[in-house]
Every structure is written in C-alpha cells, then in structure tokens.
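Atoms within a ligand are numbered from 1 in the order they appear, just like the ligands themselves. The structure displayed is predicted, hence computed values, not measured ones.
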Amino acid sequence: MKKGLPKVTPWEVSGNVDYNRLVREFGIAKIDQKLLNRIKKHTKELHPMLRRGIFFAHRDLNWILDEYEKGNKFFLYTGCGPSGPLHLGHLQTWIFTKWLQDKFGVELWFQFTDDEKFLFKKKSYEEIQKWTYDNMLDVIALGFNPKKTHFLIDTKHANLMYPEAIKVAKRITFSMVRSSFGFNESTNTGAIFYTAMQAVPAFLPSIIKKKKIPCLIPLGIDQDAHFRLTRDILPKLGHYKPAILHGVFLPPLTGVAGKMSTSESNEAILTTDSPKEVERKIKKYAFSGGRKSLTEHKEKGGDPSIDVSFQYLKYLFEPNDKKLEEIEKKYVKGEMTTTELKEITIKKINAFLKQHQRKRKRAKKKMHRYIYKTR
Ligand code: TRP
C-alpha cells in the first residue's frame, strides 16, 4: 500500500479512516434506523454507542435477531490481544459487549490471544504471560456476569482449542492469508497459522454443548479480516457463520485519525493512569478543535468533530444526549473554551477510572470464576 493511504488491518491502523469506504470494501452493511428499532424492541433502550453510530455496521445481525426471536439465543464472542497495558480504546468494545450481555442475557466467550501477541510482537513469552494476567484484571473490572462469562487463554486452553483450530487451518491456504493480511515469505509460520485460533471461539460453544448456537462478535473493524475467512470456512465444517458488529476506533489523543494505541507514546490514556496523569495527557496532548487565540475562538467558535476531548465524551463519557448536545452547541458558538471542555473531560475520565481501578484491584480474587474450566 502506498505511504500516506489509510490502512486498516488487524495489526496496523493508520491515517484518516474512511468508514464508508471500509463498508464497501469489506462488504458489510450499515446499521440503519430499521435495525436500530428492531434491537430496541428487545433492549428497551439503545446504548449511546448505537445511537451515535460508534457501533455502526454489521454482518447478519438480522439473522441473529430472527433466531433470538424464535427462542434460539446467541452467544457473544470477543477478545483481547495481551501485549501491553490496556487503554480506553480497548474498553470501548467491551463496555458495549457487557451491555449486550446484560440486555440479551447471553453467554460471553472471551479470548485472550497470548499466542498471537507472542508471534506478532517482539516480546518474550514470559512478558506476554504477564500482560495476559494484567489485561484479564481490566476485563473482569468491567463487571461481566461471571456465571455467563468464559475466558479462553489460547496457550492454556490449547487442549480444547487446538483440535478445532487444525480443522479450520486445513481449509486456509498460505495464499489466502497472504492476500488477506499482506503476509510474505518471511512471515513466521505461527503467524500464518494464527487466524485458525481466532476462529475457534466462534463455534467452540457449539461443540461443547453439542448443538448449533448462533454467535455474535462485537469488534473493532480492524479485526474483520479474520472473520471474513472464518465465515467462509465454518459452514464447510457444519457450523453457523458468526454474525459481526463493527465499531469505529476511539481516536488517539493526538487527533481524530487512526486509533488509540500504546505503540506510540502519548496517544493513549491507560486504565491504570492516575488522575494527575490523565490531566497532564489531556491538557498537553488532546488535540483541540479550538481556535488559535481566545478572541478568535469566542468570535468563530470551535470544531467538536476534530476535538479529541469532545470525542471522548461522545464515545464514552457523556451518555446523556442532551448534555452532550449542550456542550457541542456551546463549543461551536465559542461560548465554551478548549480549557473548559478539557476540564469536563478530565473530570469524567477520572471519575470512571477511579471506579475501574477499585474494581480492578478486587478482580484478582475473582479471576478463577471467569477462566473456563475444562473437565
Ligand atoms: N486479535 C484481537 C487483538 O489483537 C483479539 C481478539 C481475539 C478478538 N478474538 C477476537 C477481538 C474476537 C475481537 C473479536 O486485539
């Protein structure tokens, strides 16, 4: 791909992502008002991330609801690639997933891909294990129902997963993954195999329960490529194709292009950041849609659509539409300054993180309830 062009693969997201282009290229469907109404029939209310187009596209969601309405409940599947500390962008998908779990009363299978991160990152196996443990604490802190949530850790549940992964892998050729992911002759063979592991949780519950169960996967849209392959293969193995819900990326601090990531320093707010650290990062790095001078700002107003502090309120921290709209209006009119807007966002993030960090501390004791037990 030419330098400068936006890129969206499971291992790289850069540039100004054009989501409408992805919808066309990936062949996915936008979530329209009719589908929102259909979801609302079951959930009573719509999550802000649905109302605001943050979860904006899907594959086969109507089928999931058809089955649900017939009494054939789906299960949820999502995952985490543990390679470092988690940030707010990771939590976005999972906060939404928890809402789905609560509203539909369904099981969640949560995959920790320690194998993937070992294979794709320049990090030791031991270091990845450390992050796996650490990341599990954050996921538990989000409050998933322990009775209905099952963690799969690829290397720990290998006895269960590997026999299924090879059935998938037998249907994937090198040429398929090469064109899907841009691999070449120097790509390590573990990486070439990996998609087969990410496919497994989409049908493992059906194997365990010995009946076909529909699967719904909420994800950041960069993960779609794995499931395009998975969806082609699973019917050949006698399984349902998993349905997908696609989310857009939480912008990095530095601007609304790309996605929040810890690979670049100062782009992310970590789940373990102190209130001081959050304040420092927002004040220093959060890209502002405000004007150069206060006089100009008061006169011409700011642009919330490129203002990262405003976007964080929209994505995660101001669920009340009226309040969000008020802030937006004031900012556009120049009645609210960037400093004032940042103060609001800092407060909201810190209030959230205070709770999160408290629950994170207590998560250690709960971990055994989440990790799936093989008999
Ligand atoms: N590959 C994902 C990552 O790097 C982790 C993951 C595994 C995942 N299974 C998933 C993400 C299913 C979304 C849905 O973060």
Side-chain angles (χ1 to χ4, degrees), residues 8-13 26 28 49 55 57-61 64 74-98 100-101 107-121 123 128 131-132 134-136 138-139 142 144 149-158 160-161 164-165 168 177 180-181 183 190-205 215-231 234 241-250 259-263 268 271 372:
V8 178
T9 78
W11 302 287
E12 190 186 353
V13 177
F26 293 178
I28 59 186
M49 290 190 212
F55 272 82
H58 74 104
R59 296 178 187 275
D60 289 340
L61 192 56
I64 284 286
F74 58 93
F75 68 89
L76 292 159
Y77 158 38
T78 194
C80 164
S83 67
L86 294 180
H87 56 65
L88 298 178
H90 293 112
L91 300 195
Q92 180 183 315
T93 308
W94 307 334
I95 288 170
F96 180 61
T97 302
K98 171 173 160 43
L100 290 171
Q101 176 177 60
E107 306 249 321
L108 164 65
W109 289 76
F110 202 113
Q111 179 179 35
F112 290 86
T113 58
D114 57 340
D115 54 345
E116 174 191 17
K117 295 300 153 176
F118 172 69
L119 291 164
F120 283 88
K121 299 259 175 182
K123 292 198 174 165
I128 295 292
W131 287 120
T132 306
D134 173 276
N135 290 182
M136 286 197 290
D138 281 298
V139 176
L142 292 177
F144 292 105
T149 304
H150 314 286
F151 288 0
L152 293 168
I153 305 154
D154 285 356
T155 63
K156 303 296 166 290
H157 292 88
L160 194 63
M161 298 178 74
E164 303 309 323
V168 178
V177 286
S180 291
F181 303 116
F183 292 165
I192 294 166
F193 176 80
Y194 170 70
T195 293
M197 286 300 283
Q198 188 155 324
V200 170
F203 63 96
L204 189 66
C215 168
L216 175 62
I217 311 175
L219 45 68
I221 194 166
D222 57 329
Q223 296 295 315
D224 189 68
H226 288 300
F227 296 109
R228 290 200 287 279
L229 286 169
T230 302
R231 281 168 50 89
L234 293 203
K241 284 183 183 193
I244 318 276
L245 262 170
H246 302 85
V248 304
F249 307 119
L250 184 71
K259 77 165 179 176
M260 191 178 266
S261 143
T262 43
S263 325
T271 62
Y372 184 69

Between ligand 1 and the protein, tabulate every N or O atom pair separated by less than 3.5 Å, reporting distance only.
| residue | atom | partner | partner atom | Å |
| --- | --- | --- | --- | --- |
| ligand 1 | 1 (N) | Glu116 | OE1 | 2.9 |
| ligand 1 | 1 (N) | Glu116 | OE2 | 3.3 |
| ligand 1 | 1 (N) | Gln198 | OE1 | 2.9 |
| ligand 1 | 1 (N) | Gln223 | OE1 | 3.0 |
| ligand 1 | 4 (O) | Glu116 | OE1 | 3.3 |
| ligand 1 | 4 (O) | Lys117 | NZ | 3.1 |
| ligand 1 | 9 (N) | Tyr77 | OH | 2.9 |
| ligand 1 | 9 (N) | Gln111 | OE1 | 2.9 |
| ligand 1 | 15 (O) | Gly81 | N | 3.2 |

Next on the checklist: Can you confirm whether Leu100 sits close enough to Leu245 that some side-chain heavy atom of one is under 4.5 Å from a side-chain heavy atom of the other?
Outcome noted: yes

Next on the checklist: Can you tell me how the ring of Phe183 sits relative to the ring of Phe120, calling it parallel under 30°, perpendicular over 60° and tilted otherwise?
Outcome noted: tilted

Checklist entry - Would you call the rings of Tyr372 and His150 parallel, tilted or perpendicular if under 30° counts as parallel and over 60° as perpendicular? => result perpendicular

Checklist entry - What is the ring orientation for Tyr194 with His226, classed by angle as parallel under 30°, tilted 30 to 60°, or perpendicular over 60°? => result perpendicular

Item to check | Partner set under ring-ring contact (aromatic ring centres under 6.0 Å, His included) for Phe112, not counting sequence neighbours | outcome: Phe110, Phe151

Next on the checklist: For Thr113 versus Gly81, what's the shortest heavy-atom pair and its separation?
Outcome noted: OG1-CA, 3.3 Å

